[in-house]
There are 4 protein chains.
Amino acid sequence: MWMEIDLQSEVPIYTQLVDQLIEGIASEQLKPGDPLPSVRSLAADLGINLHTVNKAYQVLKQDGFLQVHRKQGVVVQPGGMPGTDAAFRAKLARGIRSLAAEAAVRGMSETEFAEQSAAVYRQLTTKGEDAK
Amino acid sequence: MWMEIDLQSEVPIYTQLVDQLIEGIASEQLKPGDPLPSVRSLAADLGINLHTVNKAYQVLKQDGFLQVHRKQGVVVQPGGMPGTDAAFRAKLARGIRSLAAEAAVRGMSETEFAEQSAAVYRQLTTKGEDAK
Amino acid sequence: MWMEIDLQSEVPIYTQLVDQLIEGIASEQLKPGDPLPSVRSLAADLGINLHTVNKAYQVLKQDGFLQVHRKQGVVVQPGGMPGTDAAFRAKLARGIRSLAAEAAVRGMSETEFAEQSAAVYRQLTTKGEDAK
Amino acid sequence: MWMEIDLQSEVPIYTQLVDQLIEGIASEQLKPGDPLPSVRSLAADLGINLHTVNKAYQVLKQDGFLQVHRKQGVVVQPGGMPGTDAAFRAKLARGIRSLAAEAAVRGMSETEFAEQSAAVYRQLTTKGEDAK
DNA sequence: GTGGTCTAGACCACC
DNA sequence: GTGGTCTAGACCACA
């Protein structure tokens, strides 16, 4: 598996997992319908507890990014991803505001900030190209 | 004081304080050298614990946004704000990556995302105009 | 066969089967004495496991809705259905209580709830009319 | 605490907790803003694990029935309960359909069924009167 | 073998 | 003291 966990990080392990799985979908390394490793095998691969993996899967299921089948395991949501609903836009605005404020204080200009945002977005969504 | 605390939020109170103080500096409602309320008075104003305010001030001092004098109290860093050092750029990239990935998955385009970033930045830095 | 299985559902497949067979009897699409498909053929039709179909049949046999003959196969109970015994009334009360409580909390009135119950009952028992 | 857990039941403990808490709100034994016991104390009271209590609280928080504060613990949602949204109406219809089908098969009439529904609803919402 | 549930015990951040 | 997170190990229902 192409995931990496930083056990020393202050950000919870399950959150790291959630982020990386979303990035995997964004970069099309994970496509709708693709199967994901079972909680047990992924936990073993990463050297963490299966409950931690399970929590990440539950969060993503809750948000509509994954489906958990009774027996076949976990798959990437096949029928289209959830859109930019109000909850997400609020979350996005909050996240950007916090980052933008500190960037502004540290002297980064509006265009620099916007370009940085665009650059990170582009890098993410074209990461999958390397794998081809 | 123009700060608002959401006790129900999942984000720690001291973090909300830190964010709002940084936003205050970004919008120039707080200028270099400006005095900040004492730990005691701010805590009383907001109805929160002394330790919580103190922690926020310590974090901001640590990052170089504030100066804490034993006797004269707390002031906004008078000698220029810290710049965009490597640590910040890393933190910024991480923050944006997480947001950008979810935005991409939810169908938001690169330009939409960049424009949203610019819009939030602009709104922040021009908020102070109202107060004039 | 007119049954539909939702593999993504959180409710077990065998429970979905049980429910739909009971609904079939309620709507008189299945009448006392009617033969049911063999475990093998139904499993094949629905693309599920033999054991799953078998478990559903066993549950229904246990409750007295079906008769399972070693050789002749499975038939809908010919000699009258079981009545509203104490066990069922308890199960019914438990089920309704859980639904009614959430309905009440969400602001649905008693009459609304009762009418919804009646409406669903009526829809079920008249569904068979279409097939005629 | 007025809750009772049946460890032998096939229904998960956390689900029993969820149901009873919703019933408590429906009967106004729990009013908006009321504090709930901490996960630790409730777990100790009921003789179960704190994680089990926590799961119940998380489910109810997710559905908007509870708020979890950082430190004051858990309280009943003060600002109005969630309404009868599409998700709930679907869940309600599914639940009633399953019960109504079996009731019909067992010979319970539509009016009996509707009256039983109304009776259970009324008993729930007037239970709080006893406590007065 | 899969996820779901439960237990037990631990450490941490927050306040 | 509160909830949040993580680990470890267990049993069960489902398929």
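Here is how names work: the chains are called A, B, and so on, in the same order as the sequence lines, proteins then strands, and each is numbered from 1.
- A heavy atom lying under 4.0 Å from DNA chain F marks the following residues of residues 5-14 of chain A, by number: A:P12, A:I13, A:Y14.
- Not one side-chain nitrogen or oxygen of B:T52 sits closer than 4.0 Å to the OP1 or OP2 atom of E:dC14.
- Here the C1' atom of nucleotide F:dC14 and the CG atom of C:L17 are 13 Å apart, to the nearest Å.
- Take D:S38 and apply the side chain to side chain donor-acceptor pair (under 3.5 Å) test, not counting sequence neighbours, and it matches D:S41.
- Against DNA chain F, the stretch residues 54-66 of chain A makes heavy-atom approaches under 4.0 Å through A:K55.
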Check: protein-nucleotides 9-12 of chain F nitrogen or oxygen pairs below 3.5 Å:
residue : atom : partner : partner atom : Å
F:dG9   : O6   : A:H51   : NE2          : 2.7

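- Within the 4.5 Å cutoff, the side chain of A:I13 has no heavy atoms near those of the A:L46 side chain.
- Taking the side chain as every heavy atom from C-beta outward, A:M3 and A:L21 approach each other to under 4.5 Å.
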List the atom pairs, donor and acceptor, that lie under 3.5 Å between side-chain atoms in residues 56-68 of chain A and the rest of the protein, sequence neighbours left out.
residue : atom : partner : partner atom : Å
A:Y57   : OH   : A:P37   : O            : 2.8

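- Evaluation of the side-chain contact (heavy atoms from CB on, under 4.5 Å) rule for B:L50 yields B:V39, B:R40, B:A43 as partners, not counting sequence neighbours.
- Using a 4.5 Å cut-off on side-chain heavy atoms (C-beta onward), B:L36 and B:L30 make contact.
- For the pair A:Q16 CD and F:dG4 P, the interatomic distance rounds to 19 Å; values are reported in whole Å.
- The nearest pair of heavy atoms linking D:E4 to D:Q16 is O-OE1, 4.3 Å.
- Taking the side chain to side chain donor-acceptor pair (under 3.5 Å) definition, one finds that C:T52 meets it with nothing, sequence neighbours left out.
- The side chain to side chain donor-acceptor pair (under 3.5 Å) check on B:T15 picks up nothing, with sequence neighbours excluded.
- For B:D34, there are no salt bridge (Lys or Arg N to Asp or Glu O under 4.0 Å) partners at least two apart in sequence or on another chain.
- Here the C1' atom of nucleotide F:dA15 and the CD atom of A:Q72 are 9 Å apart, to the nearest Å.
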*asked:* For C:R106 and D:D85: C-alpha separation, side-chain torsions, deciding distance, then whether side chain to side chain contact (heavy atoms under 4.5 Å, CB included) applies.
replied: CA-CA 9 Å; C:R106 287 180 182 272; D:D85 54 21; 3.8 Å; yes
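- In this structure, the CG atom of D:L46 is 10 Å from the P atom of E:dT7, given to the nearest Å.
- Scanning for side chain to side chain donor-acceptor pair (under 3.5 Å) contacts around D:S9 gives an empty result, with sequence neighbours left out.
- From one end of the helix from E:dG1-F:dC14 to E:dC14-F:dG1 to the other, with five pairs defining each end axis, the axis direction shifts by 20° (rounded to 10°).
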Anything under 3.5 Å between a donor and an acceptor, one on a side chain of residues 86-96 of chain D, the other on a protein residue two or more places apart or in another chain? List them.
residue : atom : partner : partner atom : Å
D:R89   : NH1  : D:T84   : OG1          : 3.4
D:K91   : NZ   : C:E102  : OE1          : 2.6

